[in-house]
S.K.: 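Dropping a structure here in structure tokens format, bear with me for questions.
Proteins get letters first, then strands, A, B, ... in listed order; numbering begins at 1 in each.
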Amino acid sequence: MRLSRYFLPTLKETPSEARIASHRLMLRAGMIHQEAAGIYSWLPLGFKVLQNIEQIVREEQNRAGAVEMLMPTIQPAELWRESERYEAYGKEMLRITDRHKREMLYGPTNEEMLTGIFRSYCRSYKELPKLLYHIQWKFRDEVRPRFGVMRGREFLMKDAYSFDIDEAAARKSYNRMFIAYLNTFARMGLKAVPMRAETGPIGGDLSHEFIILADTGESAVYCHKDLVDMPSPGLDVDFEGDLQPLVDERTALYAATEDVHDEDAFMAVPEDKRLSARGIEVGQVFYFGTKYSKPMKATVALPGGAEQAVHMGSYGVGVSRIAGAIIEASHDENGIIWPMAIAPFKVGIINLRQGEVATDAACEEAYLALVNAGVDPLYDDSEDRAGAKFSRMDMIGLPWQLIIGPRGLKDGLVEIKERASGDRQSLPLRDALNQLQDICTVSV
RNA sequence: CGGGGAGUAGCGCAGCCUGGUAGCGCAUCUGCUUUGGGAGCAGAGGGUCGCAAGUUCGAAUCUUGUCUCCCCGACCA
């Protein structure tokens, strides 16, 4: 993509309303545009990031055996009356009345809706288990939205729902999602620690939150240090096999959010292994048994003919929130530092002297070569001065920069700069292109 | 929802106390010079001062109401 054709409205000055790094940088890098408190448009650069996150989530859900579908944003109130959550949910639920005076709502979550779908079609234990998910916008009318997309009112979320015959079977579904989440976050370059958590308004008695450690985290968390660097299970996990040992390995050590923190248990952790920090929740898994299936009569026939309410779980990943969370976990004073898997473009080409024949030609050659290699670089072909281009490229955080100017070309050289380390090397254009192609092909 | 703060040019702000034809920096446009870390000089364009009432000869400025945004807390993915 040529910058001159792109829509990248970067800001030199920081909008006054943004207080934390990710919010500031998302506004400055032209990723998002605020429409109202907690409601944002996703501009092209931000949208690419969002899609990259979404795609990784989708691939890992599919790998774990979940099946994608799509439910609407608007739901009828009746469904929520059945579970008695229509009144219980309170003002966080955005309620809408249509032209026929029917009560509707903008969905804050979809347990009721999918339970409704399930009971319409599934009558026998033979149809279990089922594990379905969708990626959809949701709305919770937070009293006080803040931190940009990390705590917006409208947010993009992946939520999966499992239906099983009993608790033992439900736990297997729970484990699938648990393992899938570890791989999902690892692929995004995040170190997410599963921690025991409160079940909240969704209800149930088994739940883990997946937490990214960051100084600006929303809540205090406590865990055993070894959990932070424990490697992810890996993409070759056999989801049809027994996942319990993998889950046990990660739940044996102490890890809890402040809501369920047990100081005595934490003190049992060796002192040099105790980690108390702040964290950002990027995912949560719940098992809640028959909380919805019972009142909503989602039952199946057992082999003997008796009716049994299905055991359910739900599993969320905050897709839009992760965009902010990654920046919180990965930035410096110059701007964002995208992990390779999430970066909106993997390579940025900087033309240091737009209009100078040899420089333009070299940039053009580099651009076309990378495009043809499937790399999708962002080529800064603007008339801006070198300094402005360096600053902007650093701010938007593309992992690799290819810097081409007359000074280097005189000796037949260009520069490659790695955003994360700041390391630069001078080399012939051919070599630079080969190197960038290798890097981008291997890690994608 | 309790407490606090702010709405003046695209962005960041001053002016308000003490009413009298609306300003600064950045950005934008034009010209010249410059050209490897957010350039310099000269010139230009752009605002019914959130909205609505009221006081006054006269309101960005004073009064009342209202809307929106932000911060702290409670709540939450």
S.K.: Count the heavy atoms belonging to other residues, nucleotides or ligands that lie under 6.0 Å from NZ of A:Lys225, then report whether that count exceeds 12.
M.R.: yes

S.K.: Heavy atoms only: give me the nearest A:Lys346-A:Met340 pair and the separation to one decimal.
M.R.: NZ-O, 3.0 Å

S.K.: According to the Watson-Crick and G-U wobble definitions, with both distances under 3.5 Å, which nucleotide is paired to B:U35?
M.R.: none

S.K.: Now, which nucleotide makes the Watson-Crick or G-U wobble pair with B:G45, with each of the two distances under 3.5 Å?
M.R.: none

S.K.: Base of B:G38, side chain of A:Asp384 - is there a donor-acceptor contact under 3.5 Å?
M.R.: no

S.K.: Expressed as a whole number of Å, how far does the C1' atom of B:U61 sit from that of B:A44?
M.R.: 30 Å

S.K.: Of the nucleotides B:C69, B:C75, B:G37, which has the atom closest to the A:Ala37 side chain?
M.R.: B:C69

S.K.: Pick the P atom in B:U55 and in B:C69, then give their distance to the nearest Å.
M.R.: 32 Å

S.K.: B:G47 and B:A14: how far apart are their C1' atoms, nearest whole angstrom?
M.R.: 15 Å

S.K.: Between A:Lys12 and B:G12, does any side-chain N or O lie under 4.0 Å from OP1 or OP2?
M.R.: no

S.K.: Pairing check on B:C26: which nucleotide meets the Watson-Crick or G-U wobble criteria with it, both distances under 3.5 Å?
M.R.: B:G10

S.K.: Would you say B:C70 has OP1 or OP2 under 4.0 Å from some side-chain N or O of A:Arg19?
M.R.: no

S.K.: Looking at the side chain of A:Arg353, which of B:U35, B:C70, B:C11 is the nearest nucleotide?
M.R.: B:U35

S.K.: With RNA chain B as reference, determine whether A:Lys389 or A:Pro145 sits nearer its 5' end, using the nearest nucleotide of each.
M.R.: A:Lys389

S.K.: Identify the two heavy atoms, one from A:Trp338 and one from A:Ile396, that lie closest to each other, and give their separation to 0.1 Å.
M.R.: NE1-O, 2.9 Å

S.K.: If I pick the P atom on B:G12 and the same atom on B:G73, what distance separates them, to the nearest angstrom?
M.R.: 24 Å

S.K.: Starting from P on B:G38, measure out to CG on A:Leu8 and report it in whole angstrom.
M.R.: 19 Å

S.K.: Applying a 4.0 Å non-hydrogen cut-off, can you work out what A:Gly283 is touching in the nucleic acid: base, sugar-phosphate, or nothing?
M.R.: nothing

S.K.: Scan A:Phe345, A:Phe47, A:Tyr379 and name whichever one has a ring-ring contact (aromatic ring centres under 6.0 Å, His included) with A:Tyr6.
M.R.: A:Phe345

S.K.: So does A:Arg151 reach the base of B:C76 with its side chain, donor to acceptor, closer than 3.5 Å?
M.R.: yes

S.K.: Would you kindly give the CD1-to-P distance between A:Ile32 and B:C11, to the nearest whole Å?
M.R.: 15 Å

S.K.: If you measure from the P atom in B:U64 to the same atom in B:C76, how many Å do you get, rounded?
M.R.: 38 Å

S.K.: Would you call A:Asp164 and A:Arg171 a salt bridge, using N to O less than 4.0 angstrom?
M.R.: no

S.K.: In whole Å, what is the span from the CZ atom of A:Arg24 to the P atom of B:C71?
M.R.: 12 Å

S.K.: Determine the contact category for A:Lys417: base if any of its heavy atoms lies under 4.0 Å from a base atom, sugar-phosphate if only primed atoms, P, OP1 or OP2 are that close, otherwise nothing.
M.R.: base

S.K.: State the pairing partner of B:C51; accept Watson-Crick or G-U wobble contacts with both distances under 3.5 Å, and report none otherwise.
M.R.: B:G65

S.K.: Just call it for A:Gly405: base, sugar-phosphate, or nothing, with non-hydrogen atoms closer than 4.0 Å on any strand.
M.R.: base

S.K.: Who are the ring-ring contact (aromatic ring centres under 6.0 Å, His included) partners of A:Phe155, not counting sequence neighbours?
M.R.: none

S.K.: Sticking with atom C1', work out how far B:A60 lies from B:C17, rounded to a whole angstrom.
M.R.: 14 Å

S.K.: Counting N and O atoms only, with roles assigned by atom type, does the side chain of A:Asn52 sit under 3.5 Å from a partner on the main chain of A:Ile342, one being a donor and the other an acceptor?
M.R.: yes

S.K.: Using whole Å, what does the distance between atom C1' of nucleotide B:U68 and atom CD of A:Glu35 come to?
M.R.: 14 Å

S.K.: Compare the minimum distances between each of B:C76, B:G12, B:G37 and the side chain of A:Glu92, then state the nucleotide with the smallest one.
M.R.: B:C76

S.K.: Which nucleotide in the list B:G38, B:C75, B:C70 gets nearest to the side chain of A:Glu17?
M.R.: B:C70

S.K.: Taking A:Glu364 first and then A:Arg2, would you say they form a salt bridge - that is, a charged N and a carboxylate O separated by under 4.0 Å?
M.R.: yes

S.K.: Closest approach to the side chain of A:Phe390, judged atom by atom: which nucleotide of B:G25, B:G37, B:C76 is it?
M.R.: B:G37

S.K.: Given that both distances must come in under 3.5 Å, which nucleotide forms a Watson-Crick or G-U wobble pair with B:U56?
M.R.: none

S.K.: Between atom CG in A:Asp259 and atom C1' in B:A74, what is the gap in whole Å?
M.R.: 13 Å

S.K.: Given B:A74, B:C76, B:G38, identify the nucleotide with an atom nearest to the side chain of A:Arg146.
M.R.: B:A74

S.K.: Nearest whole Å is fine: how far is B:C76 P from A:Glu258 CD?
M.R.: 11 Å

S.K.: With a 3.5 Å limit on both atom pairs, tell me what B:C1 is paired to, counting Watson-Crick and G-U wobble, or say none.
M.R.: B:G73

S.K.: Look at A:Gln354 and B:U35 and indicate whether a side-chain polar atom (N or O) is within less than 4.0 Å of OP1 or OP2.
M.R.: no

S.K.: Under 3.5 Å for both donor-acceptor distances, Watson-Crick or wobble: does B:C16 have a partner, and if so which one?
M.R.: none

S.K.: With a 4.0 Å cut-off, would you call A:Arg176 and A:Glu60 a salt bridge?
M.R.: no

S.K.: What is the distance from CD of A:Glu13 to P of B:G38, rounded to the nearest Å?
M.R.: 16 Å

S.K.: Roughly how many Å apart are B:C32 and B:C71, using the P atom of each and rounding to a whole number?
M.R.: 46 Å

S.K.: So what does A:Gln34 touch, heavy atoms closer than 4.0 Å: a base, only the sugar-phosphate, or nothing?
M.R.: sugar-phosphate

S.K.: The side chain of A:Arg144 is closest to which nucleotide in this list: B:C11, B:C76, B:C1?
M.R.: B:C1

S.K.: What distance, rounded to whole Å, do you find between the two P atoms, one in B:C75 and one in B:A39?
M.R.: 48 Å

S.K.: Would you indicate which nucleotide in B:G37, B:C69, B:G38 comes nearest to any side-chain atom of A:Arg392?
M.R.: B:G38

S.K.: With a 4.0 Å cutoff (strictly under), does any side-chain N or O of A:Arg385 reach OP1 or OP2 of B:A39?
M.R.: yes

S.K.: With a 4.0 Å cut-off on heavy atoms, is A:Ala386 in touch with a base, just the backbone sugar-phosphate, or nothing at all?
M.R.: sugar-phosphate

S.K.: What is the distance, rounded to the nearest whole Å, between atom CZ of A:Arg153 and atom C1' of B:C69?
M.R.: 11 Å

S.K.: Taking atom types as they are modelled, would you say the side chain of A:Arg424 forms a donor-acceptor pair with the base of B:G37 within the 3.5 Å cutoff?
M.R.: yes

S.K.: Heavy atoms under 4.0 Å, any strand shown: does A:Lys91 hit a base, just sugar-phosphate, or nothing?
M.R.: sugar-phosphate

